[in-house]
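Okay, so here's the structure we're looking at.
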There are 2 protein chains.
Amino acid sequence: MSSSPLACATCPVRDRAACAALDGAERADLARFGRHRLLSPGETLFAAGEDNDRCATLVRGALKISASDADGTERILSLVHPAGFVGELFAPLARFDVVALTHSEVCLFSRREYEAAVERYPALARALLRRSSEDLFGARSLMAMVGRHSARERVGAFLLAMAEAASDSPCHPAARFDLPLSRAEMAGLLGLTIETVSRQVSALEKSGAIRRRGLRGIELVDAAQLGN
Amino acid sequence: MSSSPLACATCPVRDRAACAALDGAERADLARFGRHRLLSPGETLFAAGEDNDRCATLVRGALKISASDADGTERILSLVHPAGFVGELFAPLARFDVVALTHSEVCLFSRREYEAAVERYPALARALLRRSSEDLFGARSLMAMVGRHSARERVGAFLLAMAEAASDSPCHPAARFDLPLSRAEMAGLLGLTIETVSRQVSALEKSGAIRRRGLRGIELVDAAQLGN
DNA sequence: CGAGGCCTTGACAATAGTCAATAATGGTGG
DNA sequence: CCACCATTATTGACTATTGTCAAGGCCTCG
């Protein structure tokens with residue numbers, strides 16, 4: 001763990017995160033009780049069941065929000081990208097795990113102080129509402145995707161989504177990118193087993209839709225095949 | 001369709017809906033541009049793809065939020081209970097269908113006017129944020145449930161959830177209740193087929209967990225069996 | 001009373017899961 | 001820098017669960 005004061009001036013998500021809705025003085029106020037923190041891959045930011053006393057904005061990297069059964073199998077409920085907000089403002093206990101997928105940076109806040117800021121600054125409340133609505137849409141879209149599709153379709157759609165997330169230009173998938181998730185994590189996200197994910201990736205390579213570049217690298221050859 | 005002015009004074013959800021955060025004058029302001037509307041079972045409130053110019057609070061009854069594939073199979077993404085809010089404030093087009101499951105009553109608002117009220121009344125923004133956060137939690141819980149459980153467990157958990165929703169006392173499932181969903185809707189919600197749902201309900205009856213009372217009626221005999 | 005829509009049940013097929021062995025990768029320490 | 005080890009991924013054989021197709025029953029509403 002590492003922690004230091006905020007540096008909003010150089011923040012890469014300063015125009016997109018919830019705090020972008022604040023003006024200079026308000027943002028400075030919020031910055032006073034936030035801490036910057038670095039996370040290593042696999043490091044847990046929040047753990048289900050623990051006291052829910054913090055929240056955070058993701059600045060760089062990627063997080064997962066997940067739930068684990070009694071038997072230890074993990075179900076990934078959401079991926080968090082930069083500018084995303086994590087933490088449940090109204091629950092006494094954290095109900096899901098939040099874990100870094102890659103080296104990541106967050107702005108960490110005390111939940112109590114953040115909630116006070118939400119009361120004080122209506123623009124912050126509205127910005128969070130907007131973000132929460134988008135997360136809700138994302139959760140429902142994922143549910144619609146996982147619900148009624150074959151393993152092949154899920155893996156294909158996931159690869160396409162990751163290619164789009166990896167690209168700088170919106171709506172144009174990157175031709176080549178590295179998966180930020182292990183097979184186990186892909187399986188947890190898509191509601192499949194590791195073996196099935198592996199087989200489907202192999203099948204997609206055999207059918208010429210993609211090429212693998214090492215374990216995590218993916219090269220799109222025929223993106224259209226991923227969509228069906 | 002039926003439509004008439006609001007009657008907040010006698011509204012059964014006036015203490016729990018988003019508008020409960022407003023004081024008398026503010027609520028009266030909101031009420032001026034809301035309309036009361038009755039929905040019959042199966043009636044569509046909002047349709048995916050159409051202009052997203054309205055939003056609503058559910059007063060009585062039950063709604064479903066769903067998405068339909070190209071081939072027409074429906075995936076239910078959420079059930080909406082009284083005091084729930086439906087509508088996406090920040091999207092230009094509606095992205096999901098919202099349909100009444102039972103005879104229902106909603107307060108219907110123009111999205112533009114509702115958004116203006118959210119700007120004007122910070123308490124409304126915070127109340128919607130709270131509700132949106134809860135919906136997000138609900139969506140993720142459903143995803144966690146559907147993700148890694150057998151057909152039997154899904155149906156059992158669903159029946160238990162419905163029994164709890166049907167009960168007045170919280171955390172005590174009703175011993176007897178009517179399902180507000182058809183088999184097709186249950187299948188769409190749980191990510192199964194109609195046949196599988198039917199078989200699992202039959203199996204739960206054979207194993208003594210429940211008894212069926214007509215097509216939609218369920219009597220809990222051994223609720224513990226539903227949880228495993 | 002008849003018709004149509006749900007629901008149930010059965011037989012079979014297909015998809016994904018389980019168990020198990022092997023291969024590849026990446027990190028660590030000599 | 002290389003070798004070894006632990007972790008992760010791939011592949012195969014087999015099983016089990018669920019989906020598909022089809023037929024028949026039940027209830028509800030005209």
Side-chain angles (χ1 to χ4, degrees), chain A residues 40-43 64 69 71-76 99 101-103 145-159 178-207 210-218 228, chain B residues 40-42 64 69 71-76 101-103 145-159 178-207 210-218 228:
Chain A
S40 301
E43 194 172 346
K64 63 179 175 187
D69 299 17
D71 66 339
T73 55
E74 176 187 55
R75 181 88 234 269
I76 298 185
V99 177
L101 290 169
T102 64
H103 284 284
M145 208 270 277
V146 170
R148 278 201 186 291
H149 290 91
S150 67
R152 175 72 160 265
E153 293 168 314
R154 294 186 212 184
V155 172
F158 170 76
L159 291 178
D178 280 315
L179 292 169
L181 280 72
S182 67
R183 291 289 182 272
E185 288 166 332
M186 287 174 61
L189 182 70
L190 301 174
L192 300 170
T193 58
I194 294 176
E195 294 93 328
T196 299
V197 171
S198 188
R199 276 188 257 270
Q200 295 306 328
V201 173
S202 297
L204 284 169
E205 185 170 37
K206 268 198 205 77
S207 78
I210 60 168
R211 276 195 67 182
R212 276 181 286 198
R213 302 300 233 154
L215 275 185
R216 297 285 187 99
I218 297 288
N228 55 16
Chain B
S40 301
K64 63 180 176 188
D69 298 17
D71 66 340
T73 54
E74 176 187 57
R75 181 83 235 266
I76 297 186
L101 290 170
T102 63
H103 283 286
M145 208 271 278
V146 169
R148 278 202 185 291
H149 290 91
S150 66
R152 174 74 161 264
E153 293 169 314
R154 293 186 213 185
V155 172
F158 170 77
L159 291 179
D178 281 315
L179 291 169
L181 281 71
S182 67
R183 291 287 181 272
E185 287 166 332
M186 287 175 60
L189 183 69
L190 300 174
L192 300 169
T193 58
I194 293 176
E195 294 92 330
T196 299
V197 171
S198 187
R199 275 189 259 270
Q200 296 306 328
V201 173
S202 298
L204 285 169
E205 186 170 39
K206 268 197 205 81
S207 78
I210 61 169
R211 278 194 65 181
R212 276 180 285 199
R213 303 300 234 153
L215 275 184
R216 295 284 186 100
I218 297 286
N228 56 16

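Labels below follow one simple rule: chain letters A, B, ... track the order of the sequence lines, proteins then strands, and each chain is numbered from 1. When reading the values below, keep in mind they use all heavy atoms of this one structure, side chains included, and skip hydrogens, waters and symmetry mates.
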Quick check for you: to the nearest 0.5 Å, what is the distance between A:Ile194 atom CD1 and A:Ser182 atom OG?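 That separation rounds to 7.0 Å.
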Atom CZ in A:Arg148, atom CD in A:Glu153: separation rounded to 0.5 Å?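 One finds 12.0 Å between CZ of A:Arg148 and CD of A:Glu153.
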For [X] against [Y], the heavy-atom pair lying closest together:
X	Y	answer
B:Leu204	B:Arg152	CD2-NE, 3.1 Å
A:Val146	A:Leu190	CG1-O, 3.6 Å
B:Gly191	B:Arg75	N-NH2, 3.6 Å
B:Leu192	B:Arg154	CD2-NH1, 3.8 Å
A:Arg183	A:Arg212	NH2-CD, 4.3 Å
A:Thr193	A:Ala187	C-CB, 3.6 Å

Would you call B:Leu159 and B:Leu179 a side-chain contact if the rule is heavy atoms closer than 4.5 Å?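 Yes - at least one pair of side-chain heavy atoms lies under 4.5 Å apart.
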To the nearest Å, give me how far apart CG (A:Leu190) and C1' (C:dA16) are.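 The distance from CG of A:Leu190 to C1' of C:dA16 comes to 13 Å, rounded to the nearest Å.
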Walk me through it: do B:Phe158 and B:Val201 pass the test side-chain contact (heavy atoms from CB on, under 4.5 Å)? CA-CA 11 Å; B:Phe158 170 77; B:Val201 173; over 6 Å; no
Inter-end axis angle, the helix from C:dC1-D:dG30 to C:dG30-D:dC1, with every axis fitted to five base pairs (rounded, 10 degrees):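 Answer rounded to 10°: the end axes differ by 50°.
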With sequence neighbours excluded, tell me which residues meet salt bridge (Lys or Arg N to Asp or Glu O under 4.0 Å) with A:Arg216.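 None.
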A:Glu185: which residues meet the salt bridge (Lys or Arg N to Asp or Glu O under 4.0 Å) condition with it, sequence neighbours left out?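 If we apply the salt bridge (Lys or Arg N to Asp or Glu O under 4.0 Å) test to A:Glu185, skipping adjacent residues, the hits are A:Lys64.
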Can you pull every protein N or O that's under 3.5 Å from an N or O on nucleotides 16-20 of chain D?
{"residue": "D:dT18", "atom": "OP1", "partner": "B:Ala151", "partner atom": "N", "Å": "2.6"}
{"residue": "D:dG19", "atom": "OP2", "partner": "B:Thr193", "partner atom": "N", "Å": "3.4"}
{"residue": "D:dG19", "atom": "OP2", "partner": "B:Thr193", "partner atom": "OG1", "Å": "3.2"}
{"residue": "D:dG19", "atom": "OP2", "partner": "B:Thr196", "partner atom": "OG1", "Å": "2.5"}
{"residue": "D:dT20", "atom": "O4", "partner": "B:Arg199", "partner atom": "NH2", "Å": "2.8"}

Below 3.5 Å is the cut-off: list the nitrogen or oxygen pairs between protein and nucleotides 1-4 of chain D, distance only.
none

Contacts under 3.5 Å, N or O only, protein and nucleotides 5-9 of chain D:
{"residue": "D:dA9", "atom": "OP1", "partner": "A:Arg183", "partner atom": "N", "Å": "2.9"}
{"residue": "D:dA9", "atom": "OP2", "partner": "A:Arg183", "partner atom": "N", "Å": "3.4"}

